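Naming convention: chains lettered A, B, ... in sequence-line order (proteins, then strands); numbering from 1 in each chain. Computed from a predicted structure; not experimentally measured.
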Amino acid sequence: MIRPTLVFLTVFTALTGLAYPLGLTALAQLAFPVQANASGLGVVGQAFTGPGFFEGRPSATTPPYNGESSSGSNLGPTNPAFLDQVKVRVAAVRAANPTQSGPVPADLVTASGSGLDPHLSVAAARYQVARVAAATGRPREVLDALIEAHTEGRWLGVFGEPRVNVVALNTALVRLAGVAPDHDAR
Amino acid sequence: MTARSLEPAPRPLFERAIVAGAIVEAFKKLDPRRMVKNPVMFVVEVGSFFTTLLWAHAVFTGQGDTSAGFALAVSIWLWFTVVFANLAEAMAEGRGKAQADRLRKARKDIQAKRLAEPRRGAAFELISSAKLLRGDVVLIEAGELIPVDGEVVEGVASVDESAITGESAPVIRESGGDRSAVTGGTRLLSDWLVVRITSEAGQTFLDRMIAMVEGAKRQKTPNEIALDVLLAALTIIFLLATVTLRPFSVFAATQAGQGAPVPLTMLVALLVCLIPTTIGGLLSAIGIAGMDRMVQANVIATSGRAVEAAGDVDVLLLDKTGTITLGNRQATAFLPPKGIDVKELADAAQLASLADETPEGRSIVVLAKEGFGLRGREVKDLGATFVPFTAQTRMSGVDLGARQVRKGAADAISRFVTSQGGTFSAEVTAIVEDVARQGATPLVVADGARVLGVVQLKDIVKGGIKEKFAELRRMGIRTVMITGDNPLTAASIAAEAGVDDFLAEATPEQKLARIREYQAKGHLVAMTGDGTNDAPALAQADVAVAMNTGTQAAKEAGNMVDLDSNPTKLIRIVEIGKQMLMTRGSLTTFSIANDVAKYFAIIPAAFAATYPQLKVLDVMRLHSPASAVMSAVIFNALIIVALIPLALRGIAYRPAPASTVLGRNLLVYGVGGLVLPFPCIKGLDLLLTALGVFPS
Amino acid sequence: MSSHALIELLASFVVLTGLAVPLGEWGARLLADEARPTTPERWLYRLAGVDPASDLTWRAYAAALLVFNLAGTLLVYGLERAQAWLPLNPAHLPGVEPGVALNTAVSFATNTNWQAYAGETTMSLFTQMAALTTQNFVSAATGVGVLLAVIRGLTRVSAKGVGNFWVDLTRSTLLLLPLAALWTVLLVAQGVPQTLAAKVEVAQVANATPQVLAVGPVASQVAIKQLGTNGGGFYNANSAHPLENPTPASNTLEWLAILLLPAALCFTFGRLVQDRRQGWLLYAAMLCILLPLTLLGLWAELRGVPALAALGVDGSLGHLEGKEARFGVVSSVLWSTATTAASNGSVNAMHDSFTPLAGLGPMWLMQLGEVIFGGVGSGLYGLLLHVIVAVFISGLMVGRTPEYLGKKIEAREMKMASLAILLPSAAVLVGTAVSSVVTDGPAALGNPGAHGFSELLYAFSSTANNNGSAFGGLTVNGPFFTLSTAVCMLIGRYWVIIPVLAIAGSLAAKRRIPTSAGTLPTHTPLFLGLLVATMILIGALTFVPALALGPIIEHLQLMGGAS
C-alpha cells in the first residue's frame, strides 16, 4: 500500500498541482493577457472620498479597499454595532447629499462582501448625481448620460444585477474634466 | 383434515386473569437488568430515576431547578411510561402463558413400559417418562398417555391429540408411511402401539410448543434487530439533542441577560417525549403477539425468524390435492357412445361402484342418484359379488350371477371386453381421449362384452381459491401447484385454479430441484409437506410448514407445524408474517411523527424565561410552560396504553401491491401520527387546567 | 418576491439539469467497470505496482483510501510549514503556523476546505498549487471512488470485492481534470487572474499611490474548488472577491460548477444501476429540499431588515450587507443554498450578515448531512444512507424485509447507516455545546446574542459535514477552534466513509431479489415523498432545538424589532 500511495501522490501532485495550474497559466497568459493579469479598468474597487467623485460601497477592509486583504464586515442584522454603523453612514450620506430627501440606497450604507466591490446599483449612482454635479460643475444631464453609458445590465437579461462600475465612472468623470488619463492600470 | 375455518374467532384481547397477572408482571419488569435489553425504555427508566432524585433533592434541600411538585408529577408519569411499556409486553406474554398452561397439563411425568426388544411381546420394565432416552422402545396400550415423541414401529391405534391440536376427533397412527409420528402427551384411545422414542424429555414437540408460546425461547428476529438499531440510533440522537440543550441554554441565558438554563427535569421530560417510546414500548409485544396469532391459527413456528420470513415469501409451492382441489376426484358426467342410453350407463356405473368405498366410487353412486334418481342398493341385497380393484386387473365391479359389470381404465376395460368377445369402439376411444384432454380422468364402464360409456372423474377446484390466488398475485406472490398428475391434467387444473405455474408428475427430487431453482433466482419459497419424502424439500424451503398428521421426519425438517394439517394455512401464515412487520413499521412511523407536536409544546415552554418570543411556536396555545410539559409527558405515556390493543391485534391487513399498502399506512400512521398529538396534548392541557392542577 | 428572482432561480436550475444529464451519461461511460484503461493509465498502474483488474474487499479498499488520504494530509502539512524555503513564494510568506497548518491539511484532505486563514496573506503560490489544488482534485476523486464502491455493492451479486481504489481514484481525477481546465479558461476570459506573479499594482483614480492587488494562479484553483465541491478560495473573501468572481457570467459559471458534478452523478448512478429512474428520483429528492429553502432565503433577504428601514435605508433591493452589487440578493442567496447543499462551502456573499432565515437554510442544509447534492460522490453516497433508512421504514410498513435495488437491507446495513448519519450530527451538537460554554467560544464571536450562537452552530455544522463555509465573524484561528474543527472534519469524512464502504461490502455479497408486485418500487412519487419526509423529519428533530436558539429566535427578534 505504501508504494501505490507514494506513486499516486507524487504523480497527482505533479499532474494536478503543477502541470494543471502551470499549463493553464501559460495558456491564459497567451490567450487572455489582460484578464489573466487583472489589468482591466476597474476590476477591483477603489476608495473615493470627496464630493467630486461618485462614492462606492463602504468597505470593511483595513484600510478600505485594501487589494491585498479582502474581507466583509461579517456583522449580523441584529447586531447593535451594525445598526449603529449604518446609522452613522446614513447620517453621513444624508449630510453629503442634502438635496436627496428619499430613503438612502442600501448599497451606499452597507459594506460589500469583499470590501473591494467596484460596483454600485444604478439607483445609488443616481443618488449622488446632484452632489457630484454641484462639486464638479458638470450638468446633471451629462452625469446621468455618463451613468447610463457605464451601466451594465444583467447577463443575458437574467443573471446578476444591473450595476455601474464606480472606478470606470469616476475615470470617465475625470476625463470629462480634462485631466490626463494617465491612471489606467498597467 | 378438519373443517376449521381459516380465520378462527380471535380470543378476546383483555381477559381478566391475563390483565391482572400482566399488571403485576409490569412492575416486576422494572428490574434494570431486564430493562437494559430494551434500550429505549431503559433510557426512560434512567430518566425516571433521575427526575425522582431531582424531586427528592428539591424536597430535602428546599431548592431545585423546578418546584418539587412539578418534579414529582413528571417523575410519576415517567415511571408510568415505563410501566405501561412493560404492561404491553406482559399482556402479550400473558396470552401466550395461558396457552402454555393448557399444554403443560398434557405434559405429565408418567410411568412408561420400556421394552427390551422392539416387539409387542417382549419383556418390559416400568420407567419414568423423564428417564426415557432417544432410541428406547416403549409399549403403549389403550387408555395410556404417550410418554414422549416417537415413531410407531408396530401396531395401529386411534389417538386423541386434542391436548395439542384442540381437535377432538381421534386420528389413526400406524407404523410405516406418513402417519407414524406420535406426540408426547396425547392419549391412546384403542389398541396398542410400539413406539421408538425420537426425542428426550424436555426437548419434545410439546416442550418446544410451550417454550414458543411462553416466549421463553423467543429470539429477536432479523428485522427486529435492525429496527432496534434504528431505534437506538434515534435515542442517541435525541439524547444528544436534549443534553446539549443545557449548555446551549446556559449560553443563551448569558447572552440574553435574562432567564436561566433549562431545568434538568424539563430536559428529561423532553428526552422521554422525543425518543421513540411508543414503538420502543410496544416492540416486543408486537413480536410476541405475532407468535400468538400463529398459535391461534393453530400453527407452531419453531422460531420468530420463520414467522418473519413468511412475510417475505414470494413463491408458494402448494400441493394440488387438499389445497387447490378437494381431496379427491369426483364423477362429474356420464358420457355414453351413440345408441346407449345415458341412464343405462349411470345404472351400470352405480352398480359397479356400490361396494367401492373409495371416494371416486362413492362419487359415482352419488352422481347417479342425483342425476338419474337411481337409489343406491346394497350389494348383498342384490346377491351380487364385489370384484375389488387389483393391480393386475386394474378394474373393479360386481358379478350379478353371470352378469359382469366392470369399471376401470380404458386399456383395462378394452382388454376385458375383447376377452368377452366384444369390441372397444373408436367412438368410445374418442370420448376417452376427449375427457383426458380436459384434464379429467376417464373411467370406462362395461357390462360384459358391451362398452356402455365413460364416466368423467374430475378434480374439483376449491371454491374461492382462484380469488385467493389472484390476491396473492397482487401481493407479489407466485403460486406453484405441485401434483403427481400428468402435464396435460396438471395444466388444465392449473388454468382452472389460476396458479402461476405447476410442477407435474412431481417427485421429491424434482420438488427439491424446483425450490433450489427459485432460490437461486433470489426468491423466498414456502411449502407444505407431510411425508417423509417431503423432508428434503421442507428442509430446503425458506418457510416449511409440516402437517401435524405427517411424519416425524417432516416435522423435524419444517420450521412450522400446522396442527390442523390444512395446506391452505400457508396463505394465512404469510399474512401473519406480513402483518407483524407492518405493525412494527407503522408504529415506528407513528412514534417518530409524534415528536413534531411535542417539540411545539416543549421548546417554547423550556425557553419561556430566556426567549419569551418563542411563544409564537406554541401553536397549541397551552396554558403554561409546566402544563405544556406535563401534557406532552402524559400523552406520551397514555399513547402506549392506547396502542396496546393495536400492537396485540396487528394493524389492519388487506392484500394489495406494496405501493398501495405503503400509501395507506403512511396516511394513517404517518400523517395521523403527525396530527393526532396536537388535539390530544391540547385536550390534556385543558383538562389539567380545568382540574386546577395548574392555577391560572 | 420579484419575478426576476424566480426567473433567475428557474433559469439556473434548467441550465444545471440540461448540463448534468449528458455529463452524467459521459461520467457513467468513463467510470463503468467495463471502461478500458488508456495507455498512460496502464503505465501509471505499472509504476505503482497496482493490478487494475484486482478487486479489493471493502476493508482493503478502505485501508488504501485511508493511507492515501493520510499521506496527502501529511504532505499538505509539510508543504505549508516549509513554504518559506520552497519555490513560487514571491510574497516571501513565512511557514504556516502549526495549528492552522494542521487544520488546513485536514480541511483540504477531507474535501471540507474550511479556511482558518486568509488565502492571499498566508499561503504561497506553491502551497496553493501543489498542496491545496492537488487535494481539491484527489479529495473529490476519493468521494467518487466511495460512491463507485457503493454502486458496485448494489449491482454485483454474491461478490467479495467492491472495486479497486487506485483505479477509481485515477478515473475520477480524469473526470475532473478536463472539466477544471475548461472552467479555468472560461473564468480567465471573464477576468479571473492566472499568473505566477503575487502582486500587481494598479493606478488609483483619486489617489496618487497605486493600489496593490494580490494575484496568482487564481482561475485554475477556483475552477477545481467549485467543481470538486471543495470551496477553499484563493482570496479571503472567496467568490465575493471581484478577482475570484468578477462578473454575473463568471458567477453563473461558478454556481453551475458547484452543483454540476453532484447533480450529474445522480444520472451516472441511474445509468450504472441500469435504472435511470432511480437517478432521477435522487435528483428530484435533492431539489425538493433545496428549492424551498432557497425560496425561504430569497423571501427573507428581499424582505430585508426592518430596523434598517427605520433608519431611512431603501430596502427595495433587499438586504445588501456583505453582498456584492453585481450579484445582489438573488445571485447571493442562490449561491448560499447551493454551496451548503453541495458540500462546497465557497461563498459569494458573507453568510454571517444574512438575515436569520436566509442563514438558517444553509445551516440546515449542512446539518442534513451534506446529502442534498453534497460533495462530489460523498453527497450521493450520503443520500443513499437516508435511502436505506427510508427503504427500511417503508419496507416494514408494507410487511416485507426491506430491499433497495434488489438488495436486502438488514441489521448490518442499518447499523452502518445509523452510525454514518449519527456521528456527524453528534459532532455538530457536541462541538457547538462545548464551544458555547468554554471561554474560547464566546470570546471568538463576531456578533452577540442569538446570532453569536448561530456562528458557533454554523462553524460545527460546516466542519462536521465537510462543507467549509462559515459565518465569518467567528475568529477560528485559535488553538481551540483549529483543533476542534479538525476533529469534526475527520469525523464527518471518515466516520461516514468507513461505514459506507462496509455497507458496500455487505451489499455486494448479497443475492439479488427479483422484483414483484410485493417489491416496493423506489422510483415513484410516493417513495420520493417518503424519502424527503424522512430526511426532513430526522434533520428537523435533531436540530430544531439548536436552530430555535439561533436563527429562529433571531428572526423573531428581527421582526419584533428587539435585539
Which answer fits [X], side chain, backbone, both or neither, if we ask what part of it has an atom under 4.5 Å from a heavy atom of chain B?
| X | result |
| --- | --- |
| C/Leu520 | both |
| C/Ile552 | side chain |
| C/Thr515 | neither |
| C/Arg400 | both |
| C/Val389 | side chain |
| C/Thr519 | backbone |

Looking only at B/Ser659, B/Pro657, B/Ala252, most heavy-atom pairs under 4.5 Å shared with chain C are made by B/Ser659
Considering only heavy atoms and a distance below 4.5 Å, find which of B/Phe238, B/Tyr669, B/Tyr653 pairs most often with chain C.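 The option with the most such pairs is B/Phe238.
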Please confirm whether the backbone N or O of C/Pro545 pairs with a side-chain atom of B/Tyr599, one donor and one acceptor, at under 3.5 Å? no
Indicate yes or no for a side-chain donor-acceptor contact from B/Arg478 to the backbone of C/Ser516 under 3.5 Å, with no hydrogens or angles considered. no
Is it the case that over 12 heavy atoms from other parts of the model lie below 6.0 angstrom from the CZ atom of B/Arg246?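 Yes, the 6.0 Å shell around CZ holds more than 12 heavy atoms from other groups.
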State, to 0.1 Å, how close C/Ser418 and B/Val229 come at their nearest heavy-atom pair, and which atoms those are.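 So the minimum-distance heavy-atom pair works out to OG-CG1, 3.8 Å.
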Ignoring hydrogens, what is the shortest heavy-atom contact between B/Asn223 and C/Phe392? Give both atom names and the distance.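 Answer, listing the atom of B/Asn223 first, then C/Phe392: O-CZ, 3.9 Å.
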Name the region of B/Asn665, side chain, backbone, both or neither, that has any atom closer than 4.5 Å to a heavy atom of chain C.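 Answer is both: backbone and side chain atoms of B/Asn665 are under 4.5 Å from chain C.
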Tell me, for B/Leu227 versus chain C, whether the close heavy atoms (under 4.5 Å) come from the side chain, the backbone, both or neither.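 Looking at B/Leu227, backbone and side chain both touch chain C.
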Could you label the plane-to-plane angle of the C/Phe453 and B/Phe251 rings as parallel, tilted or perpendicular, counting under 30° as parallel and over 60° as perpendicular?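 Tilted: the ring planes of C/Phe453 and B/Phe251 meet at 30° to 60°.
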